[in-house]
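See below for the structure under consideration.
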Amino acid sequence: MWRGLWTLAAQAARGPRRLCTRRSSGAAAPGSGATIFALSSGQGRCGIAVIRTSGPSSGHALRILTAARDLPPARHASLRLLSDPRSGEPLDRALVLWFPGPRSFTGEDCVEFHVHGGPAVVSGVLQALGSVPGLRPAEAGEFTRRAFANGKLNLTEVEGLADLIHAETEAQRRQALRQLDGELGHLCRGWAETLTKALAHVEAYIDFGEDDNLEEGVLEQGGSTWWGRKTPISPQRLPSLSLFACLLSPTADIEVRALEVALGAHLRDARRGQRLRSGAHVVVTGPPNAGKSSLVNLLSRKPVSIVSPEPGTTRDVLETPVDLAGFPVLLSDTAGLREGVGPVEQEGVRRARERLEQADLILAMLDASDLASPSSCNFLATVVASVGAQSPSDSSQRLLLVLNKSDLLSPEGPGPRPDLPPHLLLSCLTGEGLDGLLEALRKELAAVCGDPSTGSPLLTRARHQHHLQGCLDALSHYKPSKDLALAAEALRVARGHLTRLTGGGGTEEILDIIFRDFCVGK
Amino acid sequence: MFYLRGCGRWVAASFTKQQFPLVRLSSDSAAPRTPHFDVIVIGGGHAGTEAATAAARCGSRTLLLTHRVDTIGQMSCNPSFGGIGKGHLMREVDALDGLCSRICDQSGVHYKVLNRRKGPAVWGLRAQIDRKLYKQNMQKEILNTPLLTVQEGAVEDLILTEPEPEHTGKCRVSGVVLVDGSTVYAESVILTTGTFLRGMIVIGLEMHPAGRLGDQPSIGLAQTLEKLGFVVGRLKTGTPPRIAKDSINFSILNKQTPDNPSVPFSFTNETVWIKPEDQLPCYLTYTNPRVDEIVLNNLHLNSHVKETTRGPRYCPSIESKVLRFPNRLHQVWLEPEGMDSDLIYPQGLSMTLPTELQEKMITCIRGLEKAKVIQPGYGVQYDYLDPRQITPSLETHLVQRLFFAGQINGTTGYEEAAAQGVIAGINASLRVSRKPPFVVSRTEGYIGVLIDDLTTLGTSEPYRMFTSRVEFRLSLRPDNADIRLTLRGYKDAGCVSQQRYERACWMKSSLEEGISVLKSIEFSSSKWKNLIPEVSISTSRSLPVRALDVLKYEEVDMDSLAKAVPEPLKKYTKCRELAERLKIEATYESVLFHQLQEIKGVQQDEALQLPKDIDYLTIRDVSLSHEVREKLHFSRPQTIGAASRIPGVTPAAIINLLRFVKTTQQRQAAMNESPKTDQCLRNADRLQERQL
C-alpha cells in the first residue's frame with residue numbers, strides 16, 4: 001500500500017521548488033505504476049547474470065546507467081559501460097537489451113542487463129538501479145503477474161504461474177528471514193517498533209486528542225506530558241517551530257530524530273556491513289546422536305563439528321560454506337531435536353528449528369539402527385511428515401531423508417521399516433552410500449539454484465537498502481508543520497517501508513497501542 | 001388509500017411535492033389487496049431513516065416499519081453528532097443527499113470543528129444536538145418524503161420464496177410478517193434493527209429484555225435469522241445517567257464555548273439555524289479517587305462489567321476506565337441535551353451500577369455535589385450479525401434482496417449507522433430496478449473503508465470510524481466529499497437531487513479552473529516576497545514559483561494572494577467556500593498527486609470482479625489451500641482487491657483466482673454460441689481483458 005508513497009510524501013515535504021524540477025524532468029511517467037527490477041538468473045557459479053527491469057522508467061534507468069542520451073536500438077544486444085549514477089564509478093561492461101512495450105516479456109518497457117556474474121558486479125548494478133528515482137526491487141512474482149495482467153502469458157503458461165509465485169514468495173520469505181536473522185533483523189524490528197509507537201501516538205492525537213478527551217492524566221503517567229494540554233503556551237510568544245514541539249511529543253520527536261540518525265549511520269555503513277550469506281541453505285537436522293555432525297564433516301571434508309557418541313554434543317548452529325557437486329552451499333549443522341533438556345541445549349534446539357524454517361534443502365537424518373525409538377518416531381511424525389505432506393506447490397522447501405549407520409544393520413536382516421518415505425542409506429563411518437547421497441544432492445541443488453528466485457541475497461540486500469533509504473527519506477519530511485495529517489503521513493510512509501522488511505504493519509497494530517497506552521472514550 | 005390488515009397504524013403517506021407517486025400508487029391498486037412495496041425498511045433509527053429516504057429518493061415505493069413512529073429519529077445515546085472520522089462520514093452521507101447532516105444543521109445547540117490545528121484532512125465537524133428538535137425535524141422530513149410510507153408495527157418474521165436463479169443465495173425475501181400475523185410484500189427488505197435483536201438492558205444485577213430503555217426487543221426476528229443460518233455474535237454498549245440541569249453548580253466548572261462562526265455539516269447550507277451567541281456552552285469536570293472507590297467496591301453488583309461480551313475499547317464505561325487505568329482523573333463533559341431540556345448528559349460517565357450507587361458516585365464529582373439523576377445509566381447487550389455475511393452493497397449472501405445496515409452489522413455510532421443506511425437504501429432500490437449495485441470503494445470515501453473493513457475483515461468489537469483506518473486520508477477529506485460522491489450518486493445511484501448535483505458540478509469545475517489558474521501564475525520568489533511580505537518564502541532560489549506553491553504556506557490564503565494578484569485571482573475569493581477549498585487543495589497538492597497513483601493501483605485490483613457464484617469449498621480447477629478456501633467462502637469477496645485484503649489469502653491464491661476466473665469465462669464464451677448471450681459475454685470478456 002505504501003509503495004511509492006514515500007516519494008510523494010517526501011516530495012510534498014521537500015517543498016514546492018524541488019517538486020517542480022522533478023516533475024518537469026519527466027523522469028517517472030506516473031500513472032502506469034512503479035518500475036521494478038530483479039535478478040533473473042540463478043545463483044551458483046555462472047559467467048553471466050541477467051538483471052531485468054519492467055515499467056515506464058526502464059528506458060530512463062538504462063540511459064542513466066549507461067550515461068547515454070539515446071536508447072540503444074530496440075531488441076538488439078549492445079555493449080555498454082554501466083556506471084553508478086551517484087558516484088560515476090564504472091560497474092561493468094555489459095550487454096544491454098532494450099525492449100520497448102508492448103512487445104516485451106511483461107508488455108511494459110523492459111531492459112535486460114547481462115552483466116558479469118560476480119557478486120560485486122551484480123550487487124553494484126542492483127544498487128545503482130535502486131538509486132534511480134521511480135525504481136524499486138520487485139516483489140515476489142511481480143514480473144510474472146505484470147506479464148499476466150498485460151495478456152502476455154497464455155492460460156497454459158499461467159498454469160505454473162501460481163506455483164512459481166508461491167515458490168518465489170516462500171523463497172523470498174526464507175531469504176528475508178535469513179537476512180533478518182541476527183543484528184540487522186534486531187535493528188529493523190527495533191526501528192519498526194519505535195516508529196509504530198511514534199505513529200500510534202500521533203494517530204491517537206489526531207483521532208482522539210479532542211473528540212474523545214485523550215486524558216491528560218494518562219498522558220503524564222505514560223511518560224509524555226505533551227498533547228493533552230488544553231491550553232498550550234500562547235503560540236504568539238513562540239516561533240512556529242516550537243508550537244509544533246509543544247503540541248507533539250518531545251519524546252516522539254526525539255525518537256524520530258534518533259531513528260533518523262541510526263538509519264543514516266547504518267546505510268552509510270551498509271557496504272561493509274553484513275556478510276552476504278549466499279548459496280543454497282542446506283540444513284542437517286534429526287534427533288540427537290543420529291550422526292548429523294559426522295555428515296557435515298564428511299561433506300565439508302574438514303572437522304567442522306565436534307563428533308562424540310554422547311547425544312547433544314552439538315548445541316549451536318554451525319555453518320560452513322562448501323562446494324557440493326559444483327553448487328555453492330551454506331551447510332548448517334544443528335542441535336539434535338529433543339525436548340526436556342537443559343537451558344543451553346534447549347536454546348540450541350530453538351535455533352535449530354529456526355534454521356530449519358530458513359532452509360532451502362533439509363537433510364533429515366535418522367539412525368537406521370534406532371528407527372523404533374520415540375525420538376526417531378517423533379522426528380518422522382513432525383519434521384519429515386510436515387515437509388513431505390506439502391505438495392510441491394505448497395512449499396518450495398525440499399527434504400532428503402538419510403538413514404545413517406547402515407553399517408550397524410545386519411546384511412541379511414530385514415531392511416528398515418517399510419512405512420518410511422523415500423530415503424537413502426548411508427554410513428558416515430564407512431562412507432558407504434555417499435555417492436548416492438551426493439548424486440541426490442546434486443539433483444536437488446540443481447533445482448534449488450536453477451531457480452532465480454531462491455536465492456539471491458544480493459536482491460534481498462537491495463530491497464533492504466531500498467526500504468531503509470525510503471524510510472529515511474520519509475522521516476526527513478516528518479517536520480515541524482501545523483498540519484499533523486501531513487506529519488503523520490510521513491511517519492506512515494516511513495513505517496510502511498520498515499514493515500515491508502519485518503512484516504506486520506496493519507492499522508490494528510496502531511489501534512492496539514492507542515488503546516493500550518491511552519484511556520480514550522466518553 | 002390502502003387498507004392494511006392488522007394492527008398497523010397508518011401514520012403518514014403524504015405526497016406533498018409531486019403527483020407522481022400518487023399515479024404510481026394508484027396504478028398499483030389493481031394489484032392484490034395485500035400491500036406491496038418496492039422496499040421495506042425495518043427500523044426507524046439512524047440507519048433506517050437514511051435507508052428509507054435513500055430508497056425513496058432513488059424512486060422506490062418504500063415502507064418504513066417501526067415499533068413507534070414517535071421514536072423515529074431518536075438519539076438513544078449521546079446528544080451529539082459528528083466528530084473526528086464521524087464528521088467525515090456525515091459529509092459523505094450528505095454528499096449522497098442523506099438526511100442527518102441537514103437535520104443537524106437545523107437542530108444543533110453547540111457547533112464546533114475539532115482538530116482545527118491539525119490539518120484540514122482531519123478536521124472533525126461536530127455539534128451538540130437538541131434531541132427534541134432533531135426528532136421533530138427528522139420526522140417532518142420523513143413524513144414529507146415522496147414515495148415513503150411509514151407504519152407502526154413489529155416485524156416477527158420474513159416471507160421467503162424461491163431464489164432467483166441468476167443470483168447466489170439460498171432463498172429470496174419477498175416480504176415481512178408482522179406480530180399480528182399480517183403480511184406486507186416487497187421486492188427488497190432492509191433490516192436496521194440496531195440493538196433490538198435480543199436486546200437486553202442491564203442495570204446493576206437487574207437484566208431485562210429491551211432494545212432501548214422502554215422499548216421491546218425483537219426476538220422472533222432474531223430467531224428467524226439464526227434459523228436461516230446467519231452467524232450471530234453478541235456485543236455490548238452503554239449509556240450514562242442523565243442529570244437534572246438545575247442541580248449542577250456550573251459556576252465552578254470549565255466552560256467550553258462554540259465556534260464563531262459555526263460550520264454547517266451540509267454542503268447545501270451556508271450557515272446553521274442558530275447564531276453562535278445563542279448556542280449553549282458545555283462544561284468540563286473530572287472524576288476523583290472517590291469515584292474509583294465506589295466502582296471497585298461494588299464490582300459484585302455490576303453484572304454488565306463482569307460479562308465477557310465484547311464492548312468497545314474506545315468508548316468504555318467509567319467502570320472499565322477505572323479498572324484499566326486506575327488512580328487517574330477522568331474527564332467528564334457536561335453536555336446540554338437541548339435548548340429547553342432540563343437534562344444534562346455527562347459524557348464519560350457511562351455506567352451500569354445499581355441506580356442508587358450511580359447517584360452516590362455522581363454526587364462526589366466536583367460541580368455535581370447536589371446533582372439529581374433523572375434517568376440511570378444502563379448497559380445494552382445485543383445480537384449482531386457477522387458482517388462478512390453481507391456484500392459491499394450490504395445485501396446478505398444467504399438471502400437475496402435482504403439488506404442489513406447499522407448496528408446490526410456490529411458498528412457503533414449514529415454516523416456509522418447513517419452511512420450504511422444510505423448505501424443499503426440505494427442498493428435495495430437499485431436491486432429492484434435490476435441495476436448494478438452502488439459500491440463506494442476504500443479509495444473513494446470513509447463509507448468505503450467502513451464497509452470494506454466490515455465485509456472483508458468482520459469485527460469483534462463495536463466498530464467505530466477512525467481516520468487512522470483510512471489509507472488515503474489526505475485524499476478523503478471532509479471538504480471534498482461532494483466531488484467524491486455527489487457526482488457518482490447522481491449518475492450511478494440516482495439518489496441525488498438535480499440541484500445538489502449542479503452545485504457539485506459547479507464546484508468541481510471552479511476548483512479545477514482555479515487550480516490551473518494558480519499553476520499558471522509564476523513569479524520569482526523575491527517578487528512574491530514583495531507582493532506578500534508575510535510569506536516566509538526563501539528568496540535565494542532563482543527558479544520561478546507558482547501561485548499554487550505560494551498558497552501552500554500557512555500564512556497565505558486566497559485573500560492575501562488575490563490582493564497581491566487581483567487579476568485573475570479576485571473572482572475566486574467571492575465564494576468563501578471555494579476560496580477555502582482552493583487553499584486546502586494547495587496544501588495537499590503534491591502529496592495528492594502521488595497518492596492518486598496509489599489509488600489507481602488499488603482501483604485496478606478492484607475492477608477485477610470475482611464471480612458471485614464460485615463455491616470456494618468445492619471448485620476443483622483451482623489450487624487453493626483449505627484455509628484460504630474457508631476464508632474466501634465465508635467472506636465472499638467481490639473483487640480481487642477485496643480478496644487480497646483478507647488476512648491469510650496469499651499472492652499465489654490471488655493468481656490462482658485470476659486464472660480460474662479467466663478460464664471459466666473463456667469456457668462459458670465457447671459454450672454459449674447463441675448470438676445475444678455470446679455478444680454479451682464477449683463484451684464482458686473484452687472488458688475483463690482491458691481491466692487485466
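Convention: sequence-line order gives letters A, B, ...; per-chain numbering from 1.
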> Heavy-atom distance under 4.5 Å to chain A: side chain of B:I640, backbone, both or neither?
Replying inline: side chain
> With only heavy atoms counted, which part of B:P120 is less than 4.5 Å from chain A, the side chain, the backbone, both or neither?
Replying inline: both
> Can you find a heavy atom in the side chain of B:L474 that is under 4.5 Å from one in the side chain of A:L486?
Replying inline: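 B:L474 vs A:L486: side chains touch.
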> Is any side-chain heavy atom of A:L484 closer than 4.5 Å to a side-chain heavy atom of B:R117?
Replying inline: no
With rounding to the nearest 0.5 Å, note down the distance linking [atom1] in [X] to [atom2] in [Y].
X      : Y      : atom1 : atom2 : answer
A:Y205 : B:N115 : OH    : CG    : 8.0 Å
B:Q595 : A:E489 : CD    : CD    : 5.5 Å
A:F208 : B:T467 : CZ    : OG1   : 8.5 Å

> Does the distance from a Lys or Arg side-chain N to an Asp or Glu carboxylate O, for A:E203 and B:R469, drop under 4.0 Å?
Replying inline: no
> Is the backbone N or O of B:S468 less than 3.5 Å from a side-chain atom of A:D207, with the two atoms forming a donor-acceptor pair by type?
Replying inline: yes
>> Testing the basics here: between A:I206 and B:R473, what is the closest heavy-atom pair and its distance to 0.1 Å?
In response: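 Between these two residues, the closest heavy atoms are CD1-NH2, 3.8 Å.
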